[in-house]
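Taking it in order: structure first as structure tokens, then the write-up.
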Amino acid sequence: MFRSILAPKATMRSAFQQSSLPTVIRPSSIAGLSRRTYATQNEEQDVVIIGGGVAGYVAAIKAGQEGLKVTCIEKRGVLGGTCLNVGCIPSKALLNNSHLYHQILHDSKHRGIEVGDVKLNLGQLMKSKETAVSGLTKGVEFLFKKNGVNYVKGTATLTGEHEVKVNLNEGGEVTYTGKNILLATGSEATPFPGLEVDEKRIITSTGAIALEKVPESMIVIGGGIIGLEMGSVWSRLGAKVTVVEFLGQIGGPGMDAEIAKQAQKVLKKQGIDFKLNTKVTGGDPSGENIKINVEAAKGGKAEELSAEVVLVAIGRRPYTEGLGLENIGVEVDDKGRIVIDSEFRTKFPHIRAIGDATFGPMLAHKAEEEAVAAVEWIKKGYGHVNYGAIPSVMYTHPEVAWVGQNEQELKAAGINYKIGTFPFSANSRAKTNMDTEGMVKMLADAETDRILGIHIIGANAGEMIAEGTLALEYGASSEDISRTCHAHPTLAEAFKEAAMATHGKAIHF
């Protein structure tokens, strides 16, 4: 079975080194043509891309920039996929505006800002979300035209090793032939057995960004990033939110356990209740409220919870329905992920898969990196993604962001490491902002001082983690960071101070 792990730094001490795959990518002989024109269905394309989400549209633009003749097929009728339409972008609009609403209600008075009668206009809140979404999706379509990408609205099916049939949204069908085919069909919410989603009362993240009124109560099944973000939105707007999580910590296994505990504590203060180490055994939506049966994950006393709305947020799974993989024998693993090698190739060298449809974290920025690398493999015969330096962000308030390995992973791998932390309560800018929850935590190799992982909980953590990702990419040591001048007063000074604490001692704590 193929797997794709493309060249983490050879010197990086991480769990990636345990793979038998090589850590150096060598150029192959695969190369694409450099002719770009608008396509007709009878013309052979250099690349046919199935899916116009983040992975697909970035690949299409990159292919156009490289001079390839490229067709991108998207059945939604609008570009951007889950991320732009019902995921990253609309959820962040709601997170930002619900935070402003909550801050005006609960935080403005002690800042010296007296506010009168504050009312929530949910319709306008949703309208501002849609404005952001439509602007971005239209922008992607403009970039297609700018770069000579042939955009086809329809449902694609593999009918041959080089052949893609498209049922057009406007009616009829066409067939495209591709020297290369790129599968970028994305993912969908994983359903929960026994709870039928209607996106009104039992909802996924898609329904969670489009509720027509604030529910009095909400149960969130799953304490990962999606569940916590959408739970935060509706908690801020007035719902009583309870999160049920099978594991013993929130945020998923990638989040550092110490950071997860602090995040849970802060979110609880904001009004969200948690039931960890708890499994859902069933549900009954027949009454006015939905009843959910739970018990301890390892077995124990049963309990019944009740809420007006239930959000199912137990993860996502690859979306390949109707793609026709079976028609030509493209392999999938036991989780439904398309099986690929280190050049994103299926068992057919000219058919590649990227993004959520294949292995790895289901993150938009990971998909973008793969999109560029896959096109480079097609055109130039080489490409690169460092999977050891893919950041993750949870956009609650405070935000939680991390890159590299966490403490529990280092312990499991038997790596000798050192820790440096710095709290935002000792940071000048955080104090002036009156927003001091959280800290920066840095993990470095005990012998070489090389950064192994960086974990941040605090305001603007999602922006600050870019510095950590760059540090990992270039193999920085904590001393490198501690000797790099940071502007004062900024939240980023906490990053420098955490590095100082890892290498030696922080100055301001």
Contact check, side chains of Val244 and Leu305, non-hydrogen atoms, under 4.5 Å: yes

Give a yes-or-no answer on whether the side chains of His486 and Glu467 include a donor-acceptor pair shorter than 3.5 Å. yes

Should Lys109 and Glu114 count as an ion pair when the cut-off is N to O under 4.0 Å? no

Please report the closest heavy-atom contact between Gly222 and Glu245, naming both atoms and the distance. C-OE1, 3.6 Å

Identify the heavy atoms of Thr490 and Arg429 that sit nearest to each other, and give their distance. C-CB, 3.7 Å

A side-chain contact here means heavy atoms from C-beta on lying under 4.5 Å apart; do Met442 and Glu497 qualify? no

Value rounded to 0.5 Å, distance of CD1 in Ile354 from OG1 in Thr185: 10.0 Å

SB check Arg317 Asp356 (cutoff 4.0 Å): no

Heavy-atom distance under 4.5 Å between the side chains of Glu258 and Glu407, does that happen here? yes

Note, Val309 side chain near Trp234 side chain (heavy atom, < 4.5 Å): no

Hey, are the side chains of Leu143 and Glu141 touching, using non-hydrogen atoms and a 4.5 Å cut-off? no

Compute whether any side-chain donor of one residue and acceptor of the other, for Ser217 and Asn289, lie under 3.5 angstrom apart. no

Are side-chain N/O atoms of Tyr57 and Glu74 paired as donor and acceptor at under 3.5 Å? no

Gap separating the CZ atom of Arg352 from the CD atom of Glu370, nearest 0.5 angstrom: 12.5 Å

Run Phe359 and Tyr387 through ring-ring contact (aromatic ring centres under 6.0 Å, His included) and show every step you take. CA-CA 11 Å; Phe359 91 103; Tyr387 289 99; 5.2 Å; yes

Spacing of CG belonging to Asp273 relative to OG1 belonging to Thr242, to within rounding of 0.5 Å: 5.0 Å

Tell me, do Lys153 and Leu79 make a side-chain contact under 4.5 Å, heavy atoms counted? no

Less than 4.5 Å apart, any side-chain heavy atom of Met434 and any of Thr432? no

For the CE atom of Met500 and the OG atom of Ser478, what is their distance to the nearest 0.5 Å? 10.5 Å

Quick check: closest heavy atoms across Met255 and Val400, and the distance to 0.1 Å? CE-CG1, 3.7 Å

Taking all heavy atoms of Leu276 and all of Gln264, pick out the closest pair and write down the distance. CD1-OE1, 3.2 Å

Check whether Asn96 reaches the backbone of Lys92 with its side chain - one donor and one acceptor, N or O, closer than 3.5 Å. no

Any donor-acceptor pair under 3.5 Å linking the side-chain atoms of Thr204 with those of Glu199? yes

Shortest non-hydrogen contact from Leu472 to Gly388? CD1-O, 3.8 Å

Residue pair His397 / Asp435, side-chain donor-acceptor N/O under 3.5 Å: yes

Rounded to the nearest 0.5 Å, what separation is found between the NE2 atom of His99 and the CZ atom of Arg236? 6.5 Å

Test salt bridge (Lys or Arg N to Asp or Glu O under 4.0 Å) applied to Glu303 and Lys275, Lys291, Lys279, the passing residue: Lys275

Could you point out which residue of Val440, Ile465, Thr421, Leu443 forms a side chain to side chain contact (heavy atoms under 4.5 Å, CB included) with His455? Leu443

With heavy-atom distances below 4.5 Å as the criterion, would you say the side chains of Tyr101 and Leu125 are in contact? no

Would you kindly say whether Asn427 and Glu493 are connected by a side-chain donor-acceptor distance under 3.5 Å? no

Under 3.5 Å donor-acceptor, Gln408 side chain and Ala257 backbone: yes

For a quick test of reading the model, state the closest non-hydrogen atom pair linking Pro398 to Val266 and the distance between them. CD-CG1, 3.3 Å

Let me confirm one number: the CG-CZ distance from Asn147 to Phe142, rounded to the nearest 0.5 Å. 9.0 Å

